[in-house]
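To keep things clear, I will list the structure first and then write my remarks on it.
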Amino acid sequence: MTIKVYNTLSRKKEEFIPRDKKVRIYVCGLTPYDYAHLGHAKTYVAFDVIIRYLEYRGYEVFHVQNVTDVEDKLIKRSKELQKNPLEIADFFFKDALKDFDRLNIKRASIYPKVSDHIEDIINFISRLIEKGYAYESNGNVYFEVKKFKDYGKLSHQSIKDIISGARVSIDENKRDPVDFALWKKAKEGEIFWDSPWGKGRPGWHIECSVMSTKYLGVPLDIHGGAIELAFPHHENEIAQSEAYYDKKFVRYWLHTGVLTVNGEKMSKSLGNFITVKDLLKKYNPMVIRLYLASIYYRSRADFSEENLESAKNSLERIYNAKRKLDEALKNPGDGSSLGDTVKRVKENFEAAMDDDFNTPKALAAYYDLVKEINRSADSASESQLLEAKKLFEDIGNVFGILMEEKKGDLEEKLIQLIVDIRDELRKRKDFEMSDKIRAKLREIGIVLEDGEKTTWKKSL
RNA sequence: GCCGAGGUAGCAAAGUGGCUAUGCGUCAGACUGCAGAUCUGAUGACGGGGGUUCAAAUCCCUCCCUCGGCUCCA
């Protein structure tokens with residue numbers, strides 16, 4: 001069985017065959033000029049699940065994610081705040097990483113910054129000028145789009161179509177309106193570096209071509225990002241990189257669908273964005289994670305609290321099964337058909353994920369396992385339970401949803417003490433008081449479940 | 001205007017010619033002192049119209065609607 005991935009370039013699902021066992025993946029990272037929002041989280045969770053699945057499949061993954069710390073928005077922000085743009089970028093980048101850590105998003109292998117690669121960028125641009133793909137004009141350097149014959153192959157548009165979009169800015173320095181900047185001349189008071197063309201800074205796009213190929217070689221196996229970046233950003237990356245290397249830049253282009261709120265794209269310019277930080281105040285990180293991971297990565301999704309509530313209840317269900325499994329392992333039985341289910345679920349899970357990382361379908365398989373655990377764990381044999389536990393954890397880890405917050409030792413002891421005392425009351429049939437205790441505990445997020453033995457858990 | 005994605009039950013969301021998707025919700029039953037959890041069952045769907053076919057959510061035509069890109073964006 002091989003994995004199939006939908007390649008934006010061919011608009012088809014293709015067999016995924018990396019250069020070797022080490023998959024080289026580049027995911028477009030942040031321009032950190034503000035707090036990370038849920039749209040960012042959607043994309044990074046999506047690629048995190050993809051990476052985790054590749055690892056599950058036995059690949060080693062080398063993952064590069066850029067940090068665009070030199071960019072127009074940051075410069076604008078630095079003027080507003082009267083601060084160094086690199087410091088602003090550093091602050092928001094570190095902050096975003098903390099948010100992403102809580103969402104259990106694995107860190108990339110490396111996070112190269114534009115400001116650390118100015119020399120590489122200058123060399124790259126110089127070479128493009130030498131090769132006749134770029135030209136200097138009044139302290140700026142532009143890529144001459146017409147020189148690159150394949151321009152438009154990713155977004156499947158001709159140069160003519162792009163121009164007729166009529167929103168291409170006319171700039172007298174450019175030979176053609178579709179040309180884009182590789183190097184921008186610095187204005188008074190702006191951050192700059194010296195270059196053969198004077199004081200200035202890199203344009204947007206070029207950093208990704210330079211840093212991705214520097215750390216991953218050419219071609220990259222996977223280049224990922226949100227679909228909104230396909231044009232012009234990724235189109236321009238292809239032009240620069242293939243002009244430079246004279247060979248294919250990326251083998252598989254993977255794009256995530258955008259997140260909308262009330263039907264509109266979540267973006268800073270619309271002011272409708274929800275920061276990860278704010279949402280984390282209200283919801284358990286694993287709830288947010290499950291919500292995001294359950295979206296098929298290529299799909300758009302409309303955010304609502306209702307969806308999060310639904311994810312919360314689903315996650316409760318998953319965690320309940322986990323507890324059930326652990327309980328059953330303390331006192332295994334000698335039978336049940338759990339083993340058959342495990343085999344079937346594993347197959348279904350893998351088939352779903354192999355088919356372009358179809359997480360909704362893969363989750364359906366997971367719920368099959370959850371149901372069967374609830375149904376038959378009590379009578380299952382130890383070996384069956386261990387098999388089930390292994391699969392339960394393997395799948396849960398691909399989704400990245402099993403990072404439960406640790407209970408404090410003291411907390412644990414105190415609650416158990418209350419439960420024991422309440423048990424005494426129940427034996428005396430003082431249900432009024434024991435119900436009151438249960439209700440009060442629930443108010444502070446501790447859920448008691450009376451069965452043969454009373455158990456407790458924290459609500460999500 | 002051009003390019004792309006989509007419209008599936010109360011909500012979310014797979015499926016893409018014949019086989020119960022799934023989760024949340026709601027209702028009922030079992031279990032329980034009750035509640036919860038869990039199980040069992042029920043509930044209910046393929047945007048409108050036309051066509052192809054023994055058979056269409058799935059293929060074709062047509063119309064309507066939504067979202068994304070074409071401008072900074074994950």
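Not measured: the values here are computed from a predicted model. Just so it is clear: chains get the letters A, B, ... in the order the sequence lines come, proteins before strands, and each one is counted from 1.
Pairing partner, rG17(B): none, since no Watson-Crick or wobble contact has both distances short of 3.5 Å. Base pairing analysis places rG36(B) opposite nothing; no Watson-Crick or G-U wobble pair with both distances below 3.5 Å involves it. In this structure rU43(B) sits in a base pair with rG25(B), meeting the Watson-Crick or G-U test at under 3.5 Å. In this structure, rA74(B) forms no base pair with any nucleotide, since neither Watson-Crick nor G-U wobble geometry is met with both distances under 3.5 Å.
Closest to the side chain of F231(A), out of rG69(B), rU40(B), rA35(B), is rG69(B). Closest approach to the A364(A) side chain among rG33(B), rC67(B), rA21(B) is made by rA21(B) (side chain taken as heavy atoms from C-beta onward). Listed candidates were rA14(B), rA74(B), rG33(B). Nearest to the side chain of Y44(A) is rA74(B). Of the listed nucleotides (rG36(B), rA35(B), rA74(B)), rA74(B) has the atom at the smallest distance from the side chain of A226(A). Here rA74(B) is the nucleotide among rC67(B), rA14(B), rA74(B) with the atom lying nearest to any side-chain atom of T43(A). For E449(A), the side-chain atoms get nearest to rA37(B) when compared with the rest of rA14(B), rC67(B), rA37(B).
For the OP1/OP2 pair of rU22(B) and a distance below 4.0 Å, the side-chain nitrogens and oxygens of S314(A) include no atom meeting the criterion. Listed pair R317(A) / rC39(B) meets the phosphate criterion, a side-chain N or O lying under 4.0 Å from OP1 or OP2. The shortest distance between the side-chain N/O atoms of N374(A) and the OP1/OP2 oxygens of rC39(B) is below 4.0 Å. Listed pair K457(A) / rG36(B) fails the phosphate criterion, with no side-chain N or O lying under 4.0 Å from OP1 or OP2. Note on K76(A): every side-chain N or O is 4.0 Å or more away from OP1 and OP2 of rC72(B). Within the structure, a side-chain polar atom (N or O) of R11(A) is placed less than 4.0 Å from OP1 or OP2 of rG4(B).
The gap from the C1' atom of rU26(B) to that of rC63(B) amounts to 36 Å, rounded to the nearest Å. Taking the C1' atom of each, rC46(B) and rU38(B) are spaced 32 Å apart, rounded to whole Å. Taking the C1' atoms as reference points, rU16(B) lies 33 Å from rC39(B), given to the whole Å.
For the pair Y367(A) and V447(A), both in contact range of RNA chain B, the more 5′-proximal nearest nucleotide belongs to Y367(A). Mapping E306(A) and Y6(A) onto RNA chain B by nearest heavy atom places Y6(A) at the nucleotide closer to the 5' end.
Both tests do not hold together for R11(A) against Y6(A): distance to the six-membered ring centre under 6.0 Å, angle to the ring axis within 45°.
In this structure, A362(A) and F349(A) approach most closely via the heavy-atom pair CB-CD1, 3.7 Å.
Y319(A) places none of its side-chain heavy atoms less than 4.5 Å from the side chain of K457(A).
In this pair, F431(A) lays its aromatic ring flat on the base of rG33(B), centres within 5.5 Å and planes under 30 degrees apart.
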Report task. Would you please test S310(A) and N307(A) for side chain to side chain donor-acceptor pair (under 3.5 Å) and show each step? Result -> CA-CA 5 Å; S310(A) 172; N307(A) 293 342; over 6 Å; no

Report task. Please assess Y142(A) against D176(A) for the test side chain to side chain donor-acceptor pair (under 3.5 Å), listing each intermediate value before the final yes or no. Result -> CA-CA 10 Å; Y142(A) 297 98; D176(A) 194 303; over 6 Å; no

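Judged by atom type and distance alone, N307(A) does not reach the base of rC24(B) through any side-chain donor-acceptor pair under 3.5 Å. Within 3.5 Å, no donor on the side chain of N313(A) pairs with an acceptor on the base of rG23(B), nor the reverse. For a distance-only test at 3.5 Å, the side chain of R438(A) qualifies as a donor-acceptor partner of the base of rA35(B).
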